[in-house]
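What's counted below: heavy atoms across the whole structure, side chains too, no hydrogens, waters or symmetry copies.
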Amino acid sequence: MNRTQLVLLIAVLGMGTFYFWSKLHKLETEKKEYEAKRYFPEKKEEDIEAISVACTDPNFAYVLRRNGDRWYLDGHLASQEKSPQLVMSLVELSTEKEILANPKPGEEKQFGLDKPTYTIALTANGGKELGAVVLGNRTPGGNHFYGRWKKGGTI
């Protein structure tokens with residue numbers, strides 16, 4: 001192996017190492033950003049004991065309770081195919097973007113948060129309440145809801 005080949009080999013190894021490191025760093029950064037946007041960061045399905053969902057239009061309320069690896073809806077066994085997807089959708093609620101950092105009294109009315117359509121509360125294993133998120137009107141695109149913590153805060 002001559003000097004040129006050795007230099008090229010070192011350069012290729014250096015570039016490969018940098019590429020691999022940058023991909024790992026990007027994945028770690030994306031995960032941190034994703035967790036920072038979640039209402040219940042670092043929580044997984046197995047960390048949750050119960051999820052209560054209340055809706056005002058139409059008026060209904062139900063509680064999903066976990067017993068072992070099965071979910072029960074108001075005491076009845078929930079669909080084992082669909083319940084994990086529903087549970088993860090609720091556990092992974094996240095913010096898309098911040099609309100108002102410190103809404104003044106009355107400003108939440110334009111987003112439907114004065115009388116929220118949905119209230120979602122999570123209870124961790126051991127009965128500790130993790131908090132409740134309220135969802136108001138749908139966004140103009142219709143795919144998302146305006147939301148915030150029930151106790152107040154950023155919309």
Side-chain angles (χ1 to χ4, degrees), residues 1-53 55 62-73 77-104 107-108 110-113 116-155:
M1 185 180 282
N2 66 27
R3 180 183 252 176
T4 306
Q5 291 173 328
L6 185 60
V7 169
L8 286 174
L9 179 64
I10 291 172
V12 167
L13 287 174
M15 289 183 345
T17 303
F18 177 74
Y19 176 78
F20 182 71
W21 173 83
S22 67
K23 286 294 185 185
L24 282 178
H25 181 69
K26 182 178 179 183
L27 288 173
E28 289 173 2
T29 303
E30 287 174 351
K31 183 177 181 190
K32 286 179 185 175
E33 289 172 354
Y34 169 74
E35 289 295 330
K37 289 181 177 183
R38 287 179 54 185
Y39 282 104
F40 306 102
E42 304 293 332
K43 297 297 176 206
K44 298 180 179 89
E45 179 182 356
E46 56 269 11
D47 300 332
I48 305 301
E49 179 179 296
I51 301 172
S52 63
V53 178
C55 181
Y62 63 84
V63 177
L64 273 166
R65 233 174 247 298
R66 186 170 58 86
N67 187 355
D69 62 346
R70 294 179 179 235
W71 286 92
Y72 292 84
L73 180 62
L77 184 62
S79 166
Q80 292 306 297
E81 294 83 36
K82 296 187 180 188
S83 58
Q85 180 182 357
L86 173 63
V87 169
M88 288 313 298
S89 295
L90 297 174
V91 170
E92 293 180 355
L93 282 173
S94 62
T95 59
E96 191 72 23
K97 64 180 179 179
E98 185 179 291
I99 305 291
L100 287 173
N102 298 310
K104 295 175 179 61
E107 284 185 319
E108 67 271 357
Q110 67 184 358
F111 303 106
L113 293 167
T117 306
Y118 296 97
T119 302
I120 301 163
L122 270 64
T123 305
N125 294 332
K128 181 184 177 207
E129 178 82 23
L130 295 175
V133 175
V134 293
L135 304 176
N137 297 337
R138 287 189 177 271
T139 58
N143 294 331
H144 301 355
F145 289 90
Y146 293 109
R148 70 170 182 181
W149 287 105
K150 185 174 183 177
K151 61 186 178 211
T154 303
I155 295 176

A.B. asks: Restricting to side chain to side chain contact (heavy atoms under 4.5 Å, CB included), what partner residues turn up for Asn143, sequence neighbours left out?
C.D. replies: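 Listed in chain order: nothing, the list is empty.
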A.B. asks: Run the side chain to side chain contact (heavy atoms under 4.5 Å, CB included) test against Phe145 and tell me which residues pass, sequence neighbours left out.
C.D. replies: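 Side chain to side chain contact (heavy atoms under 4.5 Å, CB included) check on Phe145 returns Tyr118, Leu135, Arg138.
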A.B. asks: Test of understanding: with side chain to side chain donor-acceptor pair (under 3.5 Å), list the residues that count as partners of Asn125, not counting sequence neighbours.
C.D. replies: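 Side chain to side chain donor-acceptor pair (under 3.5 Å) check on Asn125 returns Arg66.
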A.B. asks: Going by the side-chain contact (heavy atoms from CB on, under 4.5 Å) test, name the single residue among Thr123, Val63, Leu130, Ile120 that passes it with Ile51.
C.D. replies: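 Answer to the side-chain contact (heavy atoms from CB on, under 4.5 Å) test with Ile51 among Thr123, Val63, Leu130, Ile120: Ile120.
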A.B. asks: Who passes side chain to side chain donor-acceptor pair (under 3.5 Å) against Glu45, sequence neighbours left out?
C.D. replies: Trp71
A.B. asks: Pairs of donor and acceptor atoms involving the side chains of residues 148-155, under 3.5 Å and at least two apart or interchain, shall be tabulated with distances.
C.D. replies:
| unit_1 | atom_1 | unit_2 | atom_2 | d |
| --- | --- | --- | --- | --- |
| Thr154 | OG1 | Ala101 | O | 3.4 |

A.B. asks: Testing the basics here: between Thr119 and Ala132, what is the closest heavy-atom pair and its distance to 0.1 Å?
C.D. replies: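 It is CG2-CB, 4.3 Å.
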A.B. asks: Just wondering, are more than 12 heavy atoms of other shown residues or ligands nearer than 6.0 Å to CD in Gln85?
C.D. replies: no
A.B. asks: If we only count heavy atoms from C-beta on, is the Val91 to Leu122 side-chain gap below 4.5 Å?
C.D. replies: yes
A.B. asks: Do Asn67 side-chain atoms and Arg70 backbone N/O form a donor-acceptor pair below 3.5 Å?
C.D. replies: no
A.B. asks: With sequence neighbours left out, what residues match Thr17 under side chain to side chain contact (heavy atoms under 4.5 Å, CB included)?
C.D. replies: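 Listed in chain order: nothing, the list is empty.
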A.B. asks: List for me each residue that meets side chain to side chain contact (heavy atoms under 4.5 Å, CB included) alongside Glu92, sequence neighbours excluded, and say none if there are none.
C.D. replies: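 Checked Glu92 against side chain to side chain contact (heavy atoms under 4.5 Å, CB included); matches are Tyr34, Arg38, Met88.
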A.B. asks: List the atom of Leu113, the atom of Gly147, and the distance in Å for their closest heavy-atom pair.
C.D. replies: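 Heavy-atom minimum between the residues: CD2-CA, 4.2 Å.
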A.B. asks: Write down the atom of Glu49, the atom of Gly127, and the distance for their closest heavy-atom approach.
C.D. replies: OE1-N, 3.6 Å
A.B. asks: Would you say Ile48 and Leu64 make side-chain contact, with heavy atoms under 4.5 Å?
C.D. replies: no
